[in-house]
*Asks:* 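Before anything else, here's the structure in question.
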Amino acid sequence: MNDYFQRLSALFDIKNCKEEIIPCEEYSSFGITHSIGDGEVPFVTPDIATCPQCEAELKNPGNPRYLHPFISCVNCGPRYTIIDCLPYDRENTTMGIFDLCPDCESEYTNPQDRRCHAQTIACNHCGPTTDITIDDAINVLKSNGILAIKDIGGYHLACKCRDDIALALRKIKGREKKPFAVMFASIEQIKEYCVVTESEENLLTSPARPIVLLKKKKDLPYQVCGDSDCIGAFLPCNPIQIMILDRVSPLIMTSANISGEPIITDDEEIKKFGVPILSHNRKILTPLDDSVVQVNNGKVQFIRRARGYVPLAIKIDTAVREDTLCMGGDLKSAFALVHKDYVYPSQYFGDLEDVAYQDAYKECIQRMCLLHSVKPQRIVCDKHPGYHSSGIYKADKTVQHHLAHAYSVVAEHGLKGDVLSFVFDGTGYGDDGAIWGGEVFFNKERVRHLEYTMMPASDEISKDAQLALECYLGTNPIVNQAVKHNINVVPYSGMGRLFDAVCAMLSIKNYNSYEGECAMALESTAGRAAKPYPISPCWNPGEILEQIKNANAPVEEIALGFHHMLAELILNTARQYNTKQIVLSGGCFVNRILMTTAAKLLTDNGYNVYTNEKVSCGDNGISLGQAYLAAKEA
């Protein structure tokens, strides 16, 4: 088995195997019968990148499928995004409208052929077609234009990595500063720009083809990645991308949407951008963004779980008595279906404050239920009373946000016995009505937290790092008056706001133009330090900031000292509880310095550290924790 297929098999596992011994008989022929249901919930496979064999045929002038934009076989191509219903037969996919030519029909019915019952089979004489040629598309890009490309799960906007073009793209998308993902033609080209470890290379070249966050080695133009010291790099995952990138690379390749809205799949809606379009007539049934991952503390960490991984199931150690729908949360939302002891997390969606995302969410719930033959009898949602996800259906059970974070890790690893969980993120509705985010749980009991600070009850506090700093220091007269008279303020224990405040205090950055910008800038600054400035660990943000204010050291060392202080705080707290099982979850643990430093301190002191590896440690992963707790408490 070659390396590609070893990694392909790693995406899947055998759920069960049935063996039946029958009498030996002589047979005159072999055939594959039409699919029938077995009464079990089916496992739908994700969309898989073009395999090496198909890519070789694509580039071989002597092959009948030379330069065919939709080449695929049983080992590659779209799955989840084109399935209308199960069983997975051609007539139940968007390929069903395309009649097979005699040659494809022969391959499709030949058990010796690689394309036997490959439901996406097609060639240059049959199947989908593009509305402009690949040459035309390449000419747009080479002429410094922006091109909309219809891919597997939706449209992308693509252009050269140039400041002026990237700036024009930002204006089109309404995206101020957030870095763009960059698609490269080959792993060798990625290595020109990025530091790539063996595990990162395996992710980049895997059949899932995610975007992988890599440390910069060589800068791209500023408007492409901004101040980030990382590049979100990925490789082509389908024939159209392969053919384009072979001739013009690297390219910005970003989801075609206005920032804060869903990825576009509609062939008419894409015209609103006013750019040339490379489209095709294969319908997309399920919108799907690119997955985003990184290697953190030696483990794969999802930032966004979507194409290539969804809708793979996650097995847990407890079965639900009735089919359950877990609604996730409102930010970086993802729901999950639960049948028996399997959890089926959905793809990443955006923030449900946008009506378009709410509509997409509801539509995808219906599609996932249909595909998996699940009719939920029980609904579980976040405890926040104002979440849109909590109001779509009447909930039978609510789960506190940060407890769901913690138990998403417990679910993944099947942990038994006592567990001490550290959940650090920006916001989540607490049991006492406060906004939590710097929490410690011993099993299900909240035992410690970042001390409360009164802050405005508005979205602006999650953006304005300077305002967060003033709240901690008590130096904002308007906020002070609001606190005095208890007007539109709420207690905060969120660790995300403390990261923002430290960033502002060190004059690194004062405002989040996109989520996590200040925290990432603080991490980047810390990464340039030769040593950490010593800061005494404590749960009082005022004391932490006072130490930083009085520190006499380079900004880089203070920033690194803050990260090390949090790691020491975690270790000191762990020593107070009688368990060696430590869980780290929540969006703050996307931070590589915090995660690596905390995990090493804990491991060196005899603790076993567990983190999210199958779902995101951010809000994209809480539906798994909801599912596990619902199963345990049913």
Side-chain angles (χ1 to χ4, degrees), residues 174-178 226-227 259-260 330-332 351 353 384 386 401 424-430 432-439 449-526 535 538-551 555 558-559 562-563 565-566 586-588 590-591 594 618-619:
R175 181 171 176 160
E176 292 183 24
K177 294 183 179 180
K178 189 175 182 181
D227 296 318
S259 288
D330 270 22
L331 307 179
K332 297 177 287 295
D351 296 349
E353 186 174 294
H384 196 303
H401 185 92
F424 294 172
D425 67 1
T427 61
Y429 187 80
D432 56 359
I435 302 300
W436 293 5
E439 314 305 316
H449 61 86
L450 195 67
E451 291 184 18
Y452 285 141
T453 299
M454 300 300 290
M455 295 186 179
S458 70
D459 290 340
E460 187 61 21
I461 193 65
S462 64
K463 300 173 183 177
D464 193 335
Q466 183 63 36
L467 177 59
L469 175 60
E470 292 168 359
C471 289
Y472 284 121
L473 298 179
T475 57
N476 187 302
I478 297 175
V479 173
N480 291 345
Q481 284 298 309
V483 170
K484 181 179 179 180
H485 298 286
N486 195 28
I487 300 172
N488 198 37
V489 289
V490 65
Y492 268 80
S493 65
M495 191 64 73
R497 301 294 74 78
L498 183 58
F499 271 87
D500 288 349
V502 173
C503 185
M505 175 166 272
L506 296 178
S507 300
I508 299 168
K509 196 174 287 289
N510 293 322
Y511 196 83
N512 290 297
S513 63
Y514 59 89
E515 186 188 14
E517 184 180 9
C518 288
M520 285 186 277
L522 184 65
E523 179 187 3
S524 180
T525 302
I535 300 173
C538 69
W539 288 99
N540 185 317
E543 289 183 21
I544 294 168
L545 290 165
E546 191 65 28
Q547 292 184 69
I548 291 172
K549 181 180 178 181
N550 296 326
V555 166
I558 300 170
F562 172 69
H563 288 77
M565 180 277 296
L566 291 179
C588 290
V590 168
N591 185 306
L594 175 60
D619 287 6

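Position 1 is the first residue of the sequence; numbering continues from there.
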*Asks:* Are His563 and Phe499 an aromatic pair by the rule of ring centers under 6.0 Å?
*Replies:* yes

*Asks:* I'd like to check Glu176 versus Tyr514 (side-chain heavy atoms, cut-off strictly below 4.5 Å). Are they in contact?
*Replies:*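 Contact flag for Glu176/Tyr514 side chains = no.
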
*Asks:* Working to the nearest 0.5 Å, report the span between CH2 of Trp539 and CG of Leu566.
*Replies:* 8.5 Å

*Asks:* Would you say that Val479 contacts Pro456 through its side chain, given a criterion of any heavy-atom pair below 4.5 Å between the two side chains?
*Replies:*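 When only atoms from C-beta onward are counted, Pro456 and Val479 do touch, with a gap below 4.5 Å.
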
*Asks:* Which value, rounded to the nearest 0.5 Å, describes the distance between Leu473 atom CG and Asn480 atom CG?
*Replies:* 10.5 Å

*Asks:* State, with a plain yes or no, whether a side-chain heavy atom of Asp619 is found less than 4.5 Å away from one of His401.
*Replies:*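 A side-chain contact exists here, since the closest heavy-atom pair is under 4.5 Å.
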
*Asks:* May I ask you to test the Asp227-Ser524 pair for a side-chain heavy-atom distance under 4.5 Å?
*Replies:* no

*Asks:* Determine the minimum heavy-atom distance between Ala501 and Tyr472, stating which atoms define it.
*Replies:* CB-CD1, 3.5 Å

*Asks:* Nearest 0.5 Å, what's the CG-OG distance between Leu498 and Ser493?
*Replies:*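 Reported value, rounded in 0.5 Å steps: 11.0 Å.
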
*Asks:* I need the Asp464 CG to Asp459 CG distance, nearest 0.5 Å.
*Replies:*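 Rounded to the nearest 0.5 Å, the CG-CG separation comes to 12.5 Å.
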
*Asks:* Might you point out which heavy atoms bring Asn512 and Ser462 nearest each other, and give the distance in Å?
*Replies:*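 For Asn512 versus Ser462, the nearest heavy atoms are ND2-O, 3.3 Å.
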
*Asks:* Could you pull out the closest heavy-atom pair between Ala559 and Ala526, with the gap in Å?
*Replies:* C-CB, 3.7 Å

*Asks:* If you draw a 6.0 Å radius around CD in Glu460, do more than 12 non-hydrogen atoms from other residues or ligands fall strictly inside?
*Replies:* yes

*Asks:* Quick check: closest heavy atoms across Pro491 and Ala434, and the distance to 0.1 Å?
*Replies:*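 Between these two residues, the closest heavy atoms are O-CB, 3.5 Å.
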
*Asks:* Taking Gly437's backbone N and O only, do any of them form a donor-acceptor pair with Glu439's side chain (distance below 3.5 Å, no angle check)?
*Replies:*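 Such a contact is found between Glu439 side chain and Gly437 backbone.
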
*Asks:* I'd like to check Cys538 versus Ile544 (side-chain heavy atoms, cut-off strictly below 4.5 Å). Are they in contact?
*Replies:* yes

*Asks:* A side-chain contact here means heavy atoms from C-beta on lying under 4.5 Å apart; do Gln466 and Tyr511 qualify?
*Replies:* no

*Asks:* Apply side chain to side chain contact (heavy atoms under 4.5 Å, CB included) to His384 and list each qualifying residue two or more places apart in sequence or on a separate chain.
*Replies:*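 Applying side chain to side chain contact (heavy atoms under 4.5 Å, CB included) to His384 gives Asp382, Tyr387, Tyr429.
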
*Asks:* Show the nearest heavy-atom pair for residues Cys518 and Asp500, with the distance to one decimal.
*Replies:*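 Heavy-atom minimum between the residues: CB-OD1, 3.5 Å.
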
*Asks:* Carefully, step by step, assess Lys332 and Glu515 under the rule side-chain contact (heavy atoms from CB on, under 4.5 Å).
*Replies:* CA-CA 11 Å; Lys332 297 177 287 295; Glu515 186 188 14; 2.7 Å; yes

*Asks:* Between Thr525 and Ala521, is there a donor-acceptor pair closer than 3.5 Å when you use the side chain of the first and the backbone of the second?
*Replies:* yes

*Asks:* For Gly618, is there any backbone N or O sitting under 3.5 Å from a side-chain donor or acceptor partner on Asp425?
*Replies:* no

*Asks:* Could you tell me the separation between the CE atom of Met505 and the CG atom of Leu545, rounded to the nearest 0.5 Å?
*Replies:*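 Interatomic distance, Met505 CE to Leu545 CG, rounded to 0.5 Å: 5.0 Å.
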
*Asks:* With a 4.5 Å cut-off on side-chain heavy atoms, are Ile461 and Tyr492 touching?
*Replies:* yes

*Asks:* Say whether, by atom type as modelled, one donor and one acceptor occur between the side chain of Asp330 and the main chain of Asp351 under 3.5 angstrom.
*Replies:*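 Not a single qualifying donor-acceptor pair exists.
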
*Asks:* When rounded to the nearest 0.5 angstrom, what is the spacing between CZ in Arg497 and CE in Met455?
*Replies:*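 Going from the CZ atom of Arg497 to the CE atom of Met455 covers 7.5 Å.
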
*Asks:* Within the supplied structure, the quantity of interest is the number of heavy atoms (other residues, nucleotides, ligands) at a distance under 6.0 Å from Ile478 CD1; does it exceed 12?
*Replies:* no

*Asks:* Do Pro541 and Glu451 have side-chain heavy atoms sitting under 4.5 Å apart?
*Replies:*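 Yes, their side chains come closer than 4.5 Å.
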
